[in-house]
Structure formats: C-alpha cells, structure tokens
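Note on naming: letters A, B, ... go to the chains in the order of the sequence lines (proteins, then strands), and numbering restarts at 1 for each one. Just so it is clear, the structure is predicted and the values come from calculations on it, not from any experiment.
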2 protein chains.
Amino acid sequence: MKAQALHGHLDALLLAVLEQGALHGYAIIEALRARSDGNLDLPTGTIYPALRRLERAGHVASTWSTVNGRERRTYQLTDAGRRALTGERAGWHEFQSTVGRFLDPGSPSGSPA
Amino acid sequence: MKAQALHGHLDALLLAVLEQGALHGYAIIEALRARSDGNLDLPTGTIYPALRRLERAGHVASTWSTVNGRERRTYQLTDAGRRALTGERAGWHEFQSTVGRFLDPGSPSGSPA
DNA sequence: CCTTCATGTGTAGCTACGCTACTTGTTCGA
DNA sequence: TCGAACAAGTAGCGTAGCTACACATGAAGG
C-alpha cells in the first residue's frame, strides 16, 4: 500500500479503532496491523503525534497506567470523538464514492452503498 | 470534501479521466468537476504540476495546438500510463477495502467487490 | 472603447501531515 | 549478558496538494 494514500484518513482510522474500546498507542498499532492483514503497519512516529492531535482536538482522552512496570497511556473516545467519527465516516463514504466514480469501472451511479 | 483526502490518489484520477480521451488541462478540471457533481473542484495549481509530473513519468504525452488563438496543451495517455492506471486501480481497491474495513460498519470481510 | 469574465497555461511559496531515524526505559528469554 | 519485544516520544524530512499570483486571448456588456 502506498504510504501517502493514508493522508487525511488516519484520524478516522484511529477513531474507528478506539470505538471498540480504549487502547494504548502500541496496541493501536497492532490492532491496525491485525485488522488490515498487515496492510497498515504504521510507525510510532505516525501514531503518537496523531493521537496527541486527536487529544488536543478533544476527540480522545488519555489516562496513564502502569502495567508490568511499563508506563502506558491509554486512549479512549470522547463524546466529541464519537461525533467526529460519524462525520469522518460520512466524509469517507463521500470520498469513496467520488473517487470510485472515476476508478471503479462497472459502477456508473457511483453509489454502490 | 476535505482537501487533503485526495493525497496520493490524484494521479489515478487524472489517468482515469484521460482514459476516455485526450484532454487539455482546463478541460480536465471541468471533467473532474462535472463527473463528480462538483465535489472535485481542483485549482490549476494542483492540476498543471500534476500533469507535468505524469509527463515526466511517461504516463501521459502532451501536444500543443492552437484553438481560437489560444494555446492548448493536450494530454493523452501513453501505454505506460494505461498500465499505470491498472496498477492505480488495484491500489485504490486495496486501499478502499483496507480503510473500509475500519470505517464501513456493516461489511466485515472488507471485500465487497 | 473599456472593462469584465471565461478560457487557458503556468510558477513560487506555503502548509499539512505522515515517515524516517533516533532516544529512553523495562521485561523476558536465550 | 545480550538481544528482542514492549512502550512512549520527538526532531527533522519529504511529498504533494493548495493559495495566490502573473500572463495572454476572445467575447460580452456598458
């Protein structure tokens, strides 16, 4: 998967992963990798700054905890984050349908969903 | 539509538009706008550099012509461009399915196509 | 005649944002 | 003891689309 394809969609992915339950950064990376069959293997330098961004935006909240002597910052979705995710989903569908109209051969209307 | 969502997919769009016939830059902008119901209203500063990039990559070829005293640079797909478009389509489908797995609620397998 | 708008191409510089490469620290198995 | 997995983090880079501009012609309107 081309690296820059993700541009602008990472926030939505992170919110979607956290929708199913709070996770810490490292676990988020593993969840993305697992649920995408290895297609999304994102480096920490991508995830951690993105999570800080989401926290500054109020979409996630973080709490520190210590597990086996290791410091974990666990992130959970806020109500605003849940609302944001709804918007991101809508945006994704619009984007998908718009680009698909050009790139999907057999779907003329552009609205398969 | 968020602006940076397009990142990494513009080349594919341009190749797809040119697949249906040669067009000059301005007409490409209009074609994108028309076929996307106005969702893709791309500025010239996006299109022209992108076309130059595609030409340097050998995916399109350009020919000058004069129409009504106006200089037009018409772009057409090369064979390499056609092959590239096939790859871009595959990449798009992979991307779509990967992200959709997280953002599309009701499609568990992630392979609707 | 002059202004304005649509047509048409183009560039310089900005900015957003994911990536590379690195650092720090702990636990666990070889 | 040493390396690998776990866990978090930052500085700086690079890509690539966007903003704002410049330039030129033709048609329409006053």
Worksheet, complete the sentence: In B/S/- notation (B base, S sugar-phosphate only, - none; protein heavy atoms under 4.0 Å), nucleotides 16-22 of chain D written 5' to 3' is SSBBB--
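The distance from the CZ atom of A:R35 to the CG atom of A:L32 is 8.0 Å, given to the nearest 0.5 Å. Atom-to-atom distance recorded for A:L10:CG and A:L42:CG is 6.5 Å, nearest 0.5 angstrom. Summarising the geometry, atom CG belonging to A:L85 is positioned 12.5 Å from atom CZ belonging to B:F102; distances are rounded to the nearest 0.5 Å. The line from OG of B:S65 to CD of B:E71 is 8.0 Å long, rounded to the nearest 0.5 Å. The structure places CG of B:L51 at 5.0 Å from OH of B:Y75, a figure rounded to the nearest 0.5 Å.
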Discussion item. Side chain to side chain contact (heavy atoms under 4.5 Å, CB included) for A:H9 and B:L103? Distances and angles first, verdict last.
Written reply: CA-CA 10 Å; A:H9 304 287; B:L103 258 31; 5.8 Å; no
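Sorted by first and then second residue, the salt bridge (charged side-chain N to carboxylate O under 4.0 Å, His left out) pairs with a member in residues 38-48 of chain A read A:R33-A:D41; sequence neighbours excluded.
Evaluation of the side chain to side chain donor-acceptor pair (under 3.5 Å) rule for A:E19 yields A:R89 as partners, not counting sequence neighbours. With sequence neighbours excluded, no residue satisfies side chain to side chain contact (heavy atoms under 4.5 Å, CB included) with A:A90.
To the nearest angstrom, P of D:dA24 lies 16 Å from OH of B:Y48. One can place CD of A:E71 at 13 Å from C1' of D:dC6, the figure rounded to the nearest angstrom. Rounded to a whole Å, the CZ atom of A:R33 is 11 Å from the P atom of D:dA5. In this structure, A:R72 atom CZ and C:dT24 atom P are separated by 23 Å, rounded to whole Å.
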Give every pair of a protein N or O atom and an N or O atom of nucleotides 27-30 of chain C that lie under 3.5 Å apart, one pair per line with the distance.
unit_1 : atom_1 : unit_2 : atom_2 : d
C:dT27 : O4'    : A:R70  : NH2    : 3.1

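Contacts between residues 16-29 of chain B and DNA chain D, defined by a heavy-atom separation below 4.0 Å, involve no residue at all.
When atom types are taken as modelled, the side chain of B:T78 and the backbone of B:G58 share a donor-acceptor pair closer than 3.5 angstrom.
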